[in-house]
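All values below were derived from every heavy atom in this structure, side-chain atoms included, with hydrogens, water molecules and symmetry-related copies excluded. Throughout, protein chains are lettered first and strands after them, A, B, ... in sequence-line order, and every chain is numbered starting at 1.
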There are 2 protein chains.
Amino acid sequence: MPHGHGHRWGQKLSGCGFRLTVGREAIIDVLSRSDKHLSAEDIFLELHADHPGIGLTTIYRTLELLVQTGIVAKFEFGHGRAKYELTEEYGKKKHHHHLFCKSCQTIIDYSDFMEDEITYIKKTEKGLAKKYDFQIDGHIINFYGLCRACRAK
Amino acid sequence: MPHGHGHRWGQKLSGCGFRLTVGREAIIDVLSRSDKHLSAEDIFLELHADHPGIGLTTIYRTLELLVQTGIVAKFEFGHGRAKYELTEEYGKKKHHHHLFCKSCQTIIDYSDFMEDEITYIKKTEKGLAKKYDFQIDGHIINFYGLCRACRAK
DNA sequence: CAGAAAATGAAAATGGTTATCAATAGCAAA
DNA sequence: TTTGCTATTGATAACCATTTTCATTTTCTG
């Protein structure tokens with residue numbers, strides 16, 4: 001097997017002319033093993049035990065690369081710290097959106113009610129694309145509110 | 001007429017125990033007159049001719065206050081600079097969402113297809129609230145893509 | 001109008017993210 | 001396998017939007 005082509009993401013990266021490095025592999029590995037949304041620093045800390053050599057700079061650079069190549073999705077929930085997770089195509093999570101607690105900043109993934117969403121999104125995308133002459137590549141749906149624990153406070 | 005109660009927002013602010021100041025009035029005025037989404041700096045520059053005394057700090061502080069009191073809505077499109085606009089209740093725009101061009105960062109407001117959205121949102125909010133025991137206060141829907149001009153480049 | 005408390009401006013601090021640059025590592029070709 | 005070109009990296013400094021600090025000014029109540 002050609003070097004670095006053991007994963008879909010490896011194929012994708014080398015296919016785009018990027019090199020397969022231990023840092024990149026380690027970062028994707030952390031993302032693969034986690035079911036949460038991780039910040040750059042989360043990843044840095046997680047990695048630091050096994051790979052003390054990998055600096056924050058590399059994490060940021062790699063994440064940007066992975067976002068560009070469609071391997072990772074970046075989310076900003078308005079609390080000043082971007083969060084990352086593998087995209088549907090490269091991760092193990094299915095299509096989902098986010099429920100964000102404004103108080104404790106917990107993020108809940110949900111995959112419910114997707115039939116309704118897909119219907120709505122498809123229709124809206126089509127209409128918007130036509131009316132505004134826009135090529136729509138993606139969408140974000142976030143619900144904001146208070147989780148049970150924070151309501152009790 | 002009691003001092004500072006000439007506008008709905010004035011009533012809201014003083015009703016919440018906040019003072020009516022020239023700075024706050026000027027900031028809301030800029031937002032009222034604009035039909036775009038303004039950043040703190042946009043507002044600062046716009047204000048600087050008539051109110052050279054109002055500093056960026058005050059803009060940020062005031063915007064936060066206005067967001068807290070529900071007079072202003074804050075948006076982050078992932079390009080590192082928050083944008084603000086009056087909420088439906090205090091502005092003149094009706095319920096709308098945003099189409100964001102990833103290339104030129106233009107924001108298009110759209111109010112189309114709202115019937116579909118409201119149906120979908122209502123149903124989903126209700127379902128999510130129940131399933132995840134979440135009190136949902138709001139939602140964000142953004143579509144990302146490329147506008148006509150940027151596709152031509 | 002006086003006094004208490006809130007609001008403000010200037011300047012410095014913060015904190016996440018990005019640029020710089022010399023050193024290192026991946027990989028294609030020999 | 002070795003070589004050589006280049007992409008990649010780490011450390012550090014720079015960035016830049018946003019916050020904090022604190023002394024001063026303004027608002028508003030009594």
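By the 30° and 60° cut-offs, the orientation of the rings of A:His97 relative to A:His95 is perpendicular. A:His37 and A:His96 have perpendicular rings, their planes meeting at more than 60° on a 0 to 90° scale where under 30° would count as parallel.
In this entry the distance linking CD1 of A:Ile27 with P of D:dT9 reads 7 Å, nearest Å. For B:Leu47 and C:dT8, the CG to C1' distance is 14 Å, given to the nearest whole Å. Distance, B:Phe18 CZ to C:dA6 P: 10 Å, rounded to whole Å. Protein atom CD of B:Glu25 is 15 Å distant from nucleotide atom C1' of C:dA7, rounded to whole Å. Residue B:His51 contributes atom NE2, which lies 16 Å from atom C1' of C:dA7 at whole-angstrom precision. A:His79 has its NE2 atom 17 Å from the C1' atom of D:dA17, to the nearest Å. The interatomic distance linking B:Leu45 (CG) with D:dA17 (C1') rounds to 14 Å, in whole Å. Rounded to a whole Å, the NZ atom of A:Lys83 is 13 Å from the C1' atom of C:dG16.
Look at B:Tyr60 and you'll find a side-chain N or O under 4.0 angstrom from OP1 or OP2 of D:dT18. Here B:Arg19 does not reach the OP1 or OP2 of D:dC28: none of its side-chain N or O atoms lies under 4.0 Å away. Phosphate contact (OP1/OP2 of C:dA7, side-chain N/O of B:Arg24, threshold under 4.0 Å): present. For B:Thr21 and C:dT8, the shortest distance from a side-chain N or O to OP1 or OP2 is below 4.0 Å.
The side chain of A:Leu20 lies closest to C:dC27 when the candidates are C:dC27, D:dT8, D:dT27. Among D:dA17, C:dA11, C:dG16, the nucleotide with an atom closest to any side-chain atom of B:Thr57 is C:dA11. Side-chain proximity of B:Leu56 to D:dC22, D:dT19, D:dT18: nearest is D:dT18. Among the nucleotides C:dC21, C:dA10, C:dT17, the one closest to the side chain of B:Arg61 is C:dA10.
Residue B:Gly53 is classed as a sugar-phosphate contact, given heavy-atom separations below 4.0 Å to backbone atoms only.
Listed by first then second residue, pairs satisfying side chain to side chain donor-acceptor pair (under 3.5 Å) with a partner in residues 19-30 of chain A read A:Asp29-A:Arg33, not counting sequence neighbours.
Between A:Tyr110 and A:His98, the shortest heavy-atom distance links the atoms CE2-N, 3.7 Å. Between B:Phe77 and B:Phe100, the shortest heavy-atom distance links the atoms CB-CE1, 3.5 Å.
The environment of NZ in B:Lys122 is sparse: at most 12 heavy-atom neighbours from other residues, nucleotides or ligands sit within 6.0 Å. Environment of CZ in B:Arg148: sparse, with no more than 12 heavy atoms of neighbouring residues, nucleotides or ligands closer than 6.0 Å. The environment of NZ in A:Lys93 is crowded: more than 12 heavy-atom neighbours from other residues, nucleotides or ligands sit within 6.0 Å.
Remark: DNA chain C takes part in the stems C:1-30 with D:1-30, each of 3 or more antiparallel Watson-Crick or G-U pairs, criterion distances under 3.5 Å.
DNA chain C lies under 4.0 Å from no heavy atom of any residue of residues 30-39 of chain B.
Comment: A:Lys74 does not engage A:Glu85 in a salt bridge, judged by the lack of any side-chain N to carboxylate O separation of less than 4.0 angstrom.
Nearest-nucleotide assignment on DNA chain D puts the 5′-proximal partner with A:Val22, out of B:Glu64 and A:Val22.
At a threshold of 4.5 Å between side-chain heavy atoms, the hydrophobic network of Ile, Leu, Val, Met, Phe, Trp and Tyr places B:Leu66 and B:Tyr60 in one connected group.
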